[in-house]
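Everything on this sheet refers to the single structure shown next.
Note on naming: letters A, B, ... go to the chains in the order of the sequence lines (proteins, then strands), and numbering restarts at 1 for each one.
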There are 4 protein chains.
Amino acid sequence: MSEHRQPGGRPRDGRIDGAIAQATRELLAERGYAGLTVDAVAARAGVGKAAIYRRHATKQEMIFAATVHDMQEQPPPDSGSLRGDLAAITRTIASQLSTAPPDVLHGLLSDIHADTALGDRFTSTFLERERLVITEVLHRAVARGELAERPDTGVVHALLLGPIFYRLLILVDDGEPIGDFTAVVSETVTAALLSGTARP
Amino acid sequence: MSEHRQPGGRPRDGRIDGAIAQATRELLAERGYAGLTVDAVAARAGVGKAAIYRRHATKQEMIFAATVHDMQEQPPPDSGSLRGDLAAITRTIASQLSTAPPDVLHGLLSDIHADTALGDRFTSTFLERERLVITEVLHRAVARGELAERPDTGVVHALLLGPIFYRLLILVDDGEPIGDFTAVVSETVTAALLSGTARP
Amino acid sequence: MSEHRQPGGRPRDGRIDGAIAQATRELLAERGYAGLTVDAVAARAGVGKAAIYRRHATKQEMIFAATVHDMQEQPPPDSGSLRGDLAAITRTIASQLSTAPPDVLHGLLSDIHADTALGDRFTSTFLERERLVITEVLHRAVARGELAERPDTGVVHALLLGPIFYRLLILVDDGEPIGDFTAVVSETVTAALLSGTARP
Amino acid sequence: MSEHRQPGGRPRDGRIDGAIAQATRELLAERGYAGLTVDAVAARAGVGKAAIYRRHATKQEMIFAATVHDMQEQPPPDSGSLRGDLAAITRTIASQLSTAPPDVLHGLLSDIHADTALGDRFTSTFLERERLVITEVLHRAVARGELAERPDTGVVHALLLGPIFYRLLILVDDGEPIGDFTAVVSETVTAALLSGTARP
DNA sequence: CTATAATCGAGACGGTACGTCCAGTCTTCGG
DNA sequence: CCGAAGACTGGACGTACCGTCTCGATTATAG
């Protein structure tokens, strides 16, 4: 859904992309994922449906673009210790996951798993990037001498982010502040790694 | 959606409930969550749509009933140690989550979070039961003297089941056998609890 | 159900109106009034149901539009005598009523009397026009000097068209050719008017 | 739909027939022909649906029985003249047609023409009886010497009853009292017959 | 300065599914 | 067997929404 025109013809109006994204986010907040219709987005954005479909192949792509647009994970600055690096990662993920309501994230995940193309985009945009971040942090720990060998990235990935997802997307209405929880998670995984427990 | 019959009138045909549930499961497997239609379920089950809607208010309720029908978690038999109990829990959950394809579970979670009524049923049917299981296991560990005080159930809940969900529903296509992974998870959480790391 | 387009938007495809009307007429002929379904009309016309409901609020409106589309009665050319004018009217009505099978006309009348909006449209489209035709013909007769005063239009209306309706829609399967009968009717009414019998 | 029980088993409760008929008539008056449902009739009559279908093969038969149950035309007492006899017939028919609202009669006619079995019953119950009445009256007139030969019954039938139907079922909302109109009709037909106009 | 070409809002199009409503049948219980 | 109650199949209804297409009007670059 990009790279599409060389000269000739009227250029796309850049403001429209923003209007679509904003209308999408507003309507998701107002009516929920299931209640979102493309017609409503077009109306709210003051835009024709064709303008939307010229930019996004499906409704799901549109939502994807509008909600996760800039979630591009970067490895955290080296904090000097594995403990600090993992804590930074959990905090970042937790705050990103908190920006959208749970029903939107579930809807998105559902559509992602129903559509191969979107699934691949999701994997390469997020999961792959998360893997890289974790691999980098583990690499630092090995270089520092904190870890004797590099643990399996996939295991750490699930161990570290799984509880955050579960807490935010499944349990949802726990009263406790999420900050305390992320600290427990990173601390637990750090301890497991340092003690060699989390070795498959 | 239950207990609504006093005498008089033809009783519901119990076989129909089963036929609907089975047709739903078959079609979910064949066509995926998004491809499931109520008409197709009715046709496959050899049943009128009215019979379905007499039992389930919406398509989502029908799927919910058909897929999670008997997933009623029981506390595992006392294995004699916290380590053994937690390992049993992760194995059970992992095997239950593996029975349905990921797109079905995501679809269901999505619908659950889009519908308060369904969400409440989900919470009380599953999450609450999982909480009870975990609370019971932690209670045993305290009684045994393995733990000095009872940790927060919610934290352990997310710490234990989160990675399983993440691994099965988000990462999905990891080559490794899931059994090894569940062992790592339960081992990690056990270690954290015994060492007192997972205290909020 | 008309005059609703200012610029903007794709214009209605005029061919679709025709396709709907024709499919409706064909299916009425093939399956009868009771056997007509909107889905079948859409399928036969190669058209979506939405296109039908964009044009007609209900199935009945669709049938109404398809069957009585162009039945717009005009006063017959002045034949020079009341007798000739009335004969022309009965012939016209009889031939129009013969174009649709009786079950269609009864179904339509039934629906018309069940729905005020449709009833008003029917009245203004047909009955009013028939009244005008008859009034005009009676006016000519007065002008010619055939009649001393103008008889009540409603009485003549029922006296002239009632027998035709009854014969075609109620008795139905009389062997005699309808042409002979219309002649008798117009002759009878003419005689009654000229002799002053039909004066209330 | 009759003649069906010799000994054995519980006898039919005769009061039920009446309750069904009355509930049908009430609901027709309240909700119109199109709004009548069998369930509603059963509920109003305090009766099971089976009791209705044990007595009437279809909803239409039920309505037929409830509305036209006793409309059994008898030849009017000999008034001494064709004029008087025809006037009696039109008055009787007009008063019978006025007992049910027009939408009910149209609905019934529509269903009658959609269903051969009902159509035959209608024909033999009403049309045939009307024919007999008219034939008898014409016979009297011939015997009296008022008419030289017996006119075609079918023609007189349509000529006499057609205007009444048209006036009551099609035009409907004419302000004039129907009594005046029936007089005009019978007078017109009488004159036509006596003068020999209505000869095919 | 005109021609070409892609854009825009608006909204109609085919298709598909939803959830509702009845008709007519069947099944239970009790009388 | 009759009766009330109510579940059953089957199938149409009218609504909603998706993704596509068409219209007339705009707005750039290319010639």
Side-chain angles (χ1 to χ4, degrees), chain A residues 4-13 16 35-40 42-43 45-54 56-60 62, chain B residues 4-13 16 34-40 42-43 45-59, chain C residues 4-13 16 34-40 42-43 45-59, chain D residues 4-13 16 35-40 42-43 45-54 56-60 62:
Chain A
H4 37 73
R5 198 52 12 63
Q6 55 278 25
R10 174 177 177 175
R12 295 224 180 131
D13 183 340
I16 289 182
L36 184 79
T37 69
V38 175
D39 288 81
V47 141
K49 280 210 296 178
I52 293 178
Y53 281 102
R54 209 172 287 123
H56 310 287
T58 64
K59 174 173 127 164
Q60 285 74 35
M62 175 190 76
Chain B
H4 41 90
R5 192 60 9 60
Q6 53 280 24
R10 174 179 179 174
R12 296 249 175 106
D13 183 340
I16 288 185
L36 185 80
T37 70
V38 176
D39 288 83
V47 139
K49 272 209 295 181
I52 293 179
Y53 281 104
R54 203 173 290 120
R55 289 167 169 75
H56 310 287
T58 64
K59 172 173 132 167
Chain C
H4 44 88
R5 192 56 12 61
Q6 53 279 24
R10 175 177 177 174
R12 296 247 175 106
D13 184 340
I16 289 183
L36 185 78
T37 70
V38 176
D39 288 82
V47 139
K49 271 210 294 182
I52 293 178
Y53 280 103
R54 205 172 289 121
R55 289 167 169 76
H56 311 288
T58 64
K59 173 173 131 166
Chain D
H4 36 74
R5 196 51 16 57
Q6 53 277 27
R10 172 178 177 177
R12 290 219 184 138
D13 183 341
I16 289 183
L36 184 79
T37 69
V38 175
D39 289 81
V47 140
K49 280 209 296 178
I52 293 178
Y53 281 103
R54 207 171 289 121
H56 310 286
T58 64
K59 172 172 127 165
Q60 286 74 35
M62 176 190 76

Report summary line: The contact string for nucleotides 8-14 of chain F, one letter per nucleotide 5' to 3', using protein heavy atoms under 4.0 Å with B, S and - for base, sugar-phosphate only and none, comes out as BBB-SSB
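Minimum heavy-atom separation, D/K59 to D/L36: NZ-O, 2.7 Å. Of all heavy-atom pairs between A/T58 and A/Y53, the closest is CA-CE2, 4.3 Å. Closest heavy-atom contact between A/A51 and A/V47: CB-CG1, 3.7 Å.
Shown here are the side chain to side chain donor-acceptor pair (under 3.5 Å) partners of B/D13, two or more places apart in sequence or in another chain: B/R15. For C/K49, the salt bridge (charged side-chain N to carboxylate O under 4.0 Å, His left out) partners two or more places apart in sequence, or in a different chain, are C/D39.
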